[in-house]
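Just so we're on the same page: letters track the sequence lines, and every chain starts at 1.
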There are 2 protein chains.
Amino acid sequence: MKNLEMLTYDELLVEFKNILKADGLKFTSQREAILSTLYENPQHFTSENLYMLVKQKHPELSVGIATVYRTLALLEENGLVSSISLGIQGKKFEIANKPHHDHLICESCGKIVEFENEKIEDLQHQIAKENGFVLTDHLMQLYGICTECQKNQSK
Amino acid sequence: MKNLEMLTYDELLVEFKNILKADGLKFTSQREAILSTLYENPQHFTSENLYMLVKQKHPELSVGIATVYRTLALLEENGLVSSISLGIQGKKFEIANKPHHDHLICESCGKIVEFENEKIEDLQHQIAKENGFVLTDHLMQLYGICTECQKNQSK
DNA sequence: TTACCATATGAATATCATTATCAAAAAAGG
DNA sequence: CCTTTTTTGATAATGATATTCATATGGTAA
């Protein structure tokens, strides 16, 4: 897979079109609307949230929730979007054109802070190696209470 | 919460009874069957898998799937059981009478290896602190291909 | 451009895991 | 034993995601 870090939207679009063409799939206005909404709003979306925002940003288009699910799956399969599973809060998606990172999640308000830590990545590879695994991926989520929620709780 | 590491089954049972009593709840044969099955099979179970095993181990008992869900939630709330969320594979539960650990998961065969690494834990606390968070929990899962599956793939 | 055909779409329906409801059963405490 | 409260299993409800299907649309070859 290509390295998608820090691509402009046009570059991302070219990449997407290439993937579609290679698979005999079609470039549609719905697919573009979903990709551009993700690009312009580099946050973490549930399928439902994204569906609502896409409809708001593209009122001229007819977009169904099923298409949002289908497109997110397609984008994720091809590495243009990544997801995290947040237990009860459900699955959230974000555009994958930024460097690898993990997530620090506030259990009170749901805020998500991204971070990356090379030392931990190194240790993870070491652990996998010790157990005879070839590492393909990892998931690291830290849960806590953010500064603001700490203040609110103590009131 | 008490430290539950390395308890014998009898000790765990006493702990469970104390929790129930403190909350005005009742000690039932279904609840005991579920706890003992988890204790005797220190693996990772989906609710469905555990339901089937409990019925197999205790054919004399009437046990419904709803009770398994309810009891797992109860045990988890009280720290006797811990769970991990495995994306498409669903949520899995295990007895929580062993030291804290994280999971290394084979993407091919689903095998789960447990490990613990103090250096990573330290780094996680440091990251949380840097971002103003009070850390309450974390989730770390490493995905890869285990030794055996590597062999099978190269055949 | 046009015509054709494969793919994509939205609406509706199905699915699947989990949760809630409720009448009957069982535990705890006198 | 009684009485009260909680628990139970069966079933229905829920909610997120996936599938179906008739129609619409994109890509392409002439």
Side-chain angles (χ1 to χ4, degrees), chain A residues 13-14 16-37 44-52 54-56 58-78 80-81 83-93 110, chain B residues 13-14 16-35 37 44-56 58-78 81 83-93:
Chain A
L13 206 54
V14 168
F16 187 36
K17 286 182 180 175
N18 287 341
I19 289 166
L20 291 173
K21 182 166 287 184
D23 291 349
L25 304 177
K26 292 173 179 173
F27 181 72
T28 66
S29 47
Q30 285 86 350
R31 285 176 175 164
E32 179 173 16
I34 290 168
L35 185 66
S36 69
T37 301
H44 296 82
F45 290 102
T46 61
S47 304
E48 186 69 27
N49 291 156
L50 181 60
Y51 167 62
M52 292 189 294
V54 169
K55 292 220 296 190
Q56 182 187 313
H58 299 268
E60 79 286 1
L61 269 187
S62 145
V63 180
I65 183 77
T67 295
V68 173
Y69 276 100
R70 284 186 283 231
T71 303
L72 281 172
L74 174 66
L75 290 169
E76 188 171 20
E77 276 166 27
N78 289 285
L80 300 184
V81 153
S83 74
I84 55 176
S85 293
L86 297 171
I88 198 168
Q89 295 185 67
K91 198 173 181 183
K92 290 194 172 183
F93 298 86
Chain B
L13 205 55
V14 168
F16 186 37
K17 287 182 182 176
N18 287 341
I19 289 167
L20 291 173
K21 183 165 287 183
D23 291 349
L25 304 178
K26 291 172 179 172
F27 181 72
T28 66
S29 47
Q30 285 87 348
R31 285 176 174 163
E32 179 173 16
I34 290 167
L35 185 66
T37 302
H44 296 82
F45 289 102
T46 61
S47 304
E48 186 69 27
N49 292 156
L50 181 61
Y51 167 62
M52 292 189 296
L53 187 59
V54 169
K55 290 220 297 190
Q56 183 187 314
H58 299 268
E60 80 287 0
L61 269 187
S62 144
V63 180
I65 184 77
T67 296
V68 174
Y69 276 99
R70 285 186 285 230
T71 303
L72 282 171
L74 174 66
L75 291 169
E76 189 171 20
E77 275 166 28
N78 290 285
V81 154
S83 73
I84 55 175
S85 293
L86 296 171
I88 199 167
Q89 294 184 68
K91 197 172 180 184
K92 290 195 174 184
F93 298 85

Using a 4.0 Å heavy-atom cut-off to protein, can you give one letter per nucleotide of nucleotides 4-14 of chain D, 5' to 3': B if the base is in contact, S if only the sugar-phosphate is, - if neither? -BSSBB-----

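- Taking atom NZ of residue Lys91(A) and atom C1' of nucleotide dC16(C), one finds them 15 Å apart after rounding to whole Å.
- The nearest whole Å value for the distance from the CZ atom in Phe16(A) to the C1' atom in dG26(D) is 13 Å.
- In this structure Asn49(A) satisfies the side chain to side chain donor-acceptor pair (under 3.5 Å) test together with Thr46(A), sequence neighbours excluded.
- Every residue two or more places apart in sequence or in another chain that forms a side chain to side chain donor-acceptor pair (under 3.5 Å) with Tyr51(B) is listed here: Lys55(B).
- Distance, Leu72(A) CG to dA16(D) P: 15 Å, rounded to whole Å.
- Between Tyr69(B) and dT19(C) there is no side-chain N or O to OP1 or OP2 distance below 4.0 Å.
- There is a side-chain donor-acceptor pair under 3.5 Å between Ser83(B) and Glu76(B).
- Remark: His44(B) pairs with His103(B) by the ring pair (Phe, Tyr, Trp, His ring centres under 6.0 Å) rule, at least two apart or across chains.
- Put simply, CD on Glu32(A) is 17 Å from C1' on dT9(C), counting in whole angstrom units.
- Ser47(A) meets the side chain to side chain donor-acceptor pair (under 3.5 Å) test with no other residue; sequence neighbours excluded.
- With sequence neighbours left out, the side chain to side chain contact (heavy atoms under 4.5 Å, CB included) criterion links Arg31(B) to Phe16(B), Leu20(B), Leu25(B), Thr28(B), Thr71(B), Leu74(B).
- Counting to the nearest Å, the C1' atom of dA17(C) and the CE atom of Met52(B) are 14 Å from each other.
- Atom-to-atom, CG of Asp23(A) to C1' of dA6(C) comes out at 14 Å; the value is rounded to the nearest Å.
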